[in-house]
K.L.:
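First, the structure itself, so that you have it in front of you.
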Amino acid sequence: MSILTLAREVDFLRDRVKDMEGLMELATERIQKLEKEKEELNKEREGLKERLKRILCKAFKPRVKKEGEKIKKGAPLGHQGRSRMRPTEVSEYKDIYPNRCEECGSGDITVYENSYEEHYVEDIKIIKVTTLNRMHYGYCKNCKRTIYPRREELVIKASRVGVEARAIGSYLRYLGLPYRKAAKIFKDIFNIGISHTSLQSFEREQAKNGETLYSAIKEEVKDSSFINIDETGWRVDGENWWLWVFTNKEVALYCIENSRSSEVVRGILGEEYRGVLGSDFYSAYNAIKARAKQRCCAHLLEEIKEIQEANKFTEGSKEEVFCRKLKGIFKGLIEVWKEVREDKRGFDELKEAKEGAITGLIELVSEPFGNEDIARIQKRIIKHHEELLVFLDDPEIEPTNNRAERQLRPSVIMRKITFGNRSEVGAHNHSVIMSIVQSGILNNVNPLDIFIMLTRKDCAKDIDLPQIRGP
């Protein structure tokens, strides 16, 4: 091989080595980046596993036995016991006399006059009532025609199932029972054959009768001075929809929509809500115009707790002190708010607590942190600084969104059993009936009475919002 050829080959190999070294550097950088992403994902996975474990164990949290401690079974110390209240009405009196002495076996017993012990027993009687409506007809001498009574004279025309049976069927459905199981209860207990499709048709009629009241609840929500809003997933014919709830102390409005955007809230509250809107930190509420907004302090406290558990800050570190102080501020404010509501403190103390809290929050959000989670919390407080302490200006405003979350619970339980609705009509019927029933419960009205009211067609035109209000 000539020297020139050899030199060219050496130059080619040298360039090739440089190219390979460049590729190795790129590959090394890529590997390091992937390793970092893997570490972050593992960290996130451990956090999610811990969070899932807490959620699953929250309802049945075991009491950890300390070393040398003896856990006494039963109610905790100081717990006030309760017993069944004595009935105010007695349907039947039954006298029971001794007929034989337990000591000697003698049957010669003299009963003391007016000496007895009372023992109340509450029970039910399963009675099926069948009513035969005999439609009499007569002769009109003026028209010279045979006159028949109108079918509208019946409470429910063209049906063989009465008002209370229909109401109980819908009530069982409201409790989360599937239609088929409700129909089985009617068959096994009352010996009444009602198909599950009949129960569905009863619900459709009740929802139709409640449309006027549903519209009235919408108007009351729109004109309210304070409202809590929350949403959860819902299935309609196998597709993902959303169940929204708008609630306060007096009414609860449900609506099922295929959107989770702010347009749903505008459709209920209007372009500008004239009251105080309570919600979590979901971004859809940012675009809503309202007189004021109160963000859920409980959600903020829960997120701080998750940050502490995920990062495991060392005690005394800047991050640990930040989380501890921030939790202390909001827990203290909520405690003061509760005591003012219970008339244990004066309203002026709310203003003092607010001034102290603002000073403390300014100090906490002004300090720089390298931790991404802490920085995110700081940005959230800065962004929503006008929406965190509104409850200190008016004790009637609640610092958390717990009211809306509690109102979602009955539908969430039903969702676990029924998996949502099969049609948009069924979703609308669910919204109407749940709105009326839950609004009635908020006003101490028995749900069964509401179903009876919705079942009576002759009363449908007279249904008004005050009817579900307590006395």
K.L.:
For the backbone of Asp280 and the side chain of Arg295, can you confirm whether one donor and one acceptor N or O come within less than 3.5 Å of each other?
P.N.:
yes
K.L.:
Does atom CD (Glu372) have a neighbourhood of more than 12 heavy atoms from anything else shown, all under 6.0 Å?
P.N.:
no
K.L.:
Return the CZ to CD1 distance between Phe246 and Ile229, rounded to the nearest 0.5 Å.
P.N.:
4.5 Å
K.L.:
Would you call Asp230-Arg403 a salt bridge at under 4.0 Å N-O?
P.N.:
no
K.L.:
Quick test of your reading of the model: are Asp393 and Lys351 salt-bridged, counting only N-O distances below 4.0 Å?
P.N.:
no
K.L.:
Does the pair Leu269 and Leu277 meet the rule for a side chain to side chain contact (heavy atoms under 4.5 Å, CB included), with working shown?
P.N.:
CA-CA 10 Å; Leu269 300 181; Leu277 190 152; 3.8 Å; yes
K.L.:
Taking the basic N atoms (NZ, or NE/NH1/NH2) and the acidic carboxylate oxygens, is any pair closer than 4.0 Å for Glu303 and Arg380?
P.N.:
yes
K.L.:
Do Asn371 and Asn311 have side-chain N/O donor and acceptor atoms under 3.5 Å apart?
P.N.:
yes
K.L.:
Considering only heavy atoms from C-beta outward, does the side chain of Lys327 approach that of Gln308 to under 4.5 Å?
P.N.:
yes
K.L.:
Assess whether a salt bridge exists between Glu396 and Lys249, defined as any Lys/Arg side-chain N lying under 4.0 Å from an Asp/Glu carboxylate O.
P.N.:
yes
K.L.:
Using only atom types and a distance under 3.5 Å, with no angle test, would you say the side chain of Ser423 pairs donor to acceptor with the backbone of Gly426?
P.N.:
yes
K.L.:
Within a strict 4.5 Å, meaning less than it, do heavy atoms of the Leu392 and Val390 side chains meet?
P.N.:
no
K.L.:
Inspect the contact between Arg324 and Glu320 and indicate whether a charged nitrogen and a carboxylate oxygen are less than 4.0 angstrom apart.
P.N.:
yes
K.L.:
Answer yes or no: are there more than 12 heavy-atom neighbours, outside Glu342 itself, under 6.0 Å from its atom CD?
P.N.:
yes
K.L.:
Would you check if the side chain of Asn443 reaches a backbone N or O of Val445 as a donor-acceptor pair within less than 3.5 Å?
P.N.:
no
K.L.:
For atom NZ of Lys354, decide whether the heavy atoms of other residues, nucleotides or ligands shown that lie under 6.0 angstrom number more than 12.
P.N.:
yes
K.L.:
When you measure from the side chain of Ser317 to the backbone N and O of Thr314, does any donor-acceptor pair fall under 3.5 Å?
P.N.:
yes
K.L.:
Can you tell me if Arg235 and Asn240 form a side-chain donor-acceptor pair at under 3.5 Å?
P.N.:
yes
K.L.:
Indicate yes or no: at least one non-hydrogen side-chain atom of Arg291 is less than 4.5 angstrom from one of Val276.
P.N.:
yes
K.L.:
Is it the case that more than 12 heavy atoms not belonging to Glu164 sit under 6.0 Å from its CD atom?
P.N.:
no
K.L.:
Would you mind reporting whether Pro87 and Glu122 have side-chain heavy atoms less than 4.5 Å apart?
P.N.:
yes
K.L.:
Set out, in order, the CA-CA distance, both residues' side-chain angles and the distance that settles side chain to side chain contact (heavy atoms under 4.5 Å, CB included) for Arg180 and His196, then state yes or no.
P.N.:
CA-CA 5 Å; Arg180 294 179 187 274; His196 65 281; 3.3 Å; yes
K.L.:
We want to know whether Ser198 and Ser195 form a side-chain donor-acceptor pair, criterion being a heavy-atom distance below 3.5 angstrom.
P.N.:
yes
K.L.:
Look at the side chain of Tyr254 and the backbone N and O of Gln438, then say whether any donor-acceptor pair between them is shorter than 3.5 Å.
P.N.:
no
K.L.:
Once you measure the plane-to-plane angle for Phe451 and Tyr174, does it fall in the parallel (<30°), tilted (30-60°) or perpendicular (>60°) bin?
P.N.:
tilted
K.L.:
Distance check, rounded to the nearest 0.5 Å: Gln206 atom CD versus Ser201 atom OG?
P.N.:
9.5 Å
K.L.:
Under 30°, 30 to 60°, or over 60°: which ring-plane class applies to Phe190 and Phe186, parallel, tilted or perpendicular?
P.N.:
tilted
K.L.:
Considering all heavy atoms of both residues, which atom of Val264 and which atom of Ser259 are nearest to each other, and what is their separation?
P.N.:
CG2-O, 3.6 Å
K.L.:
Any non-hydrogen side-chain atom of Phe369 less than 4.5 Å from a side-chain atom of Gln378?
P.N.:
yes
K.L.:
Has Arg345 got a side-chain atom pairing as donor or acceptor with Val340's backbone, closer than 3.5 angstrom?
P.N.:
no
K.L.:
Quick one, Trp244 with Leu253, criterion side chain to side chain contact (heavy atoms under 4.5 Å, CB included). Give me CA distance, side-chain angles, the key distance, then yes/no.
P.N.:
CA-CA 8 Å; Trp244 293 78; Leu253 174 68; over 6 Å; no
K.L.:
What's the verdict on side chain to side chain contact (heavy atoms under 4.5 Å, CB included) for Asn258 and Val236, showing C-alpha distance, side-chain angles and the deciding distance?
P.N.:
CA-CA 9 Å; Asn258 59 354; Val236 177; over 6 Å; no
K.L.:
Would you mind checking if Glu306 and Arg51 are paired as a salt bridge, meaning a charged N to carboxylate O distance below 4.0 Å?
P.N.:
yes
K.L.:
For the CZ atom on Arg274, are there more than 12 heavy atoms of other groups (residues, nucleotides or ligands in this structure) within a distance under 6.0 Å?
P.N.:
no
K.L.:
Does any non-hydrogen side-chain atom of Ile377 lie less than 4.5 Å from one of Val365?
P.N.:
no
K.L.:
Flag the pair Glu211 / Tyr214 as yes when at least one side-chain heavy-atom distance between them is below 4.5 Å, and no otherwise.
P.N.:
yes
K.L.:
Could you check whether any side-chain N or O of Arg266 sits under 3.5 Å from a backbone N or O of Ala287, counting only pairs where one atom can act as donor and the other as acceptor?
P.N.:
yes
K.L.:
Would you say the side-chain atoms of Arg415 and Thr232 include a donor-acceptor pair closer than 3.5 Å?
P.N.:
yes
K.L.:
Is it true that a side-chain atom of His385 and a backbone atom of Ile382 form a donor plus acceptor pair closer than 3.5 Å?
P.N.:
yes
K.L.:
Using 0.5 Å steps for rounding, measure from the NZ atom of Lys187 to the CD1 atom of Ile189.
P.N.:
13.0 Å
K.L.:
For Ser411 and His430, which I'm curious about, is there any donor-acceptor pair between the side chains at under 3.5 Å?
P.N.:
yes
K.L.:
Under 6.0 Å from the CD atom of Glu315, do we count more than 12 heavy atoms belonging to anything else shown?
P.N.:
no
K.L.:
Any chance you could measure Glu363, atom CD, to Ile329, atom CD1, to the nearest 0.5 Å?
P.N.:
8.5 Å
K.L.:
With a 3.5 Å distance limit and no angle check, can you tell me whether Asn248 reaches the backbone of Val251 through a side-chain donor-acceptor pair?
P.N.:
yes
K.L.:
Report yes or no: does Lys43 contribute a side-chain atom to a donor-acceptor pair with the main-chain N or O of Lys38 at less than 3.5 Å?
P.N.:
no
K.L.:
Under 3.5 Å, is there a donor-acceptor pair linking the side chains of Asn401 and Asn228?
P.N.:
yes
K.L.:
Closest approach of Ala357 and Leu389, non-hydrogen atoms and distance?
P.N.:
CB-CD1, 4.5 Å
K.L.:
Tell me yes or no: between the side chains of Asn421 and Trp234, is some donor less than 3.5 Å from an acceptor?
P.N.:
yes
K.L.:
Under 6.0 Å from the CZ atom of Arg422, do we count more than 12 heavy atoms belonging to anything else shown?
P.N.:
no
K.L.:
Tell me yes or no: between the side chains of Arg166 and Ser170, is some donor less than 3.5 Å from an acceptor?
P.N.:
no
K.L.:
Between Glu203 and Tyr179, do the side chains contain an N or O donor and an N or O acceptor separated by less than 3.5 Å?
P.N.:
yes
K.L.:
Does any non-hydrogen side-chain atom of Trp241 lie less than 4.5 Å from one of Glu424?
P.N.:
yes
K.L.:
Is it true that Gln294 and His384 share a donor-acceptor pair across their side chains at a distance under 3.5 Å?
P.N.:
no
K.L.:
Check this for me: Lys318, atom NZ, are more than 12 non-hydrogen atoms of other residues, nucleotides or ligands nearer than 6.0 Å?
P.N.:
yes
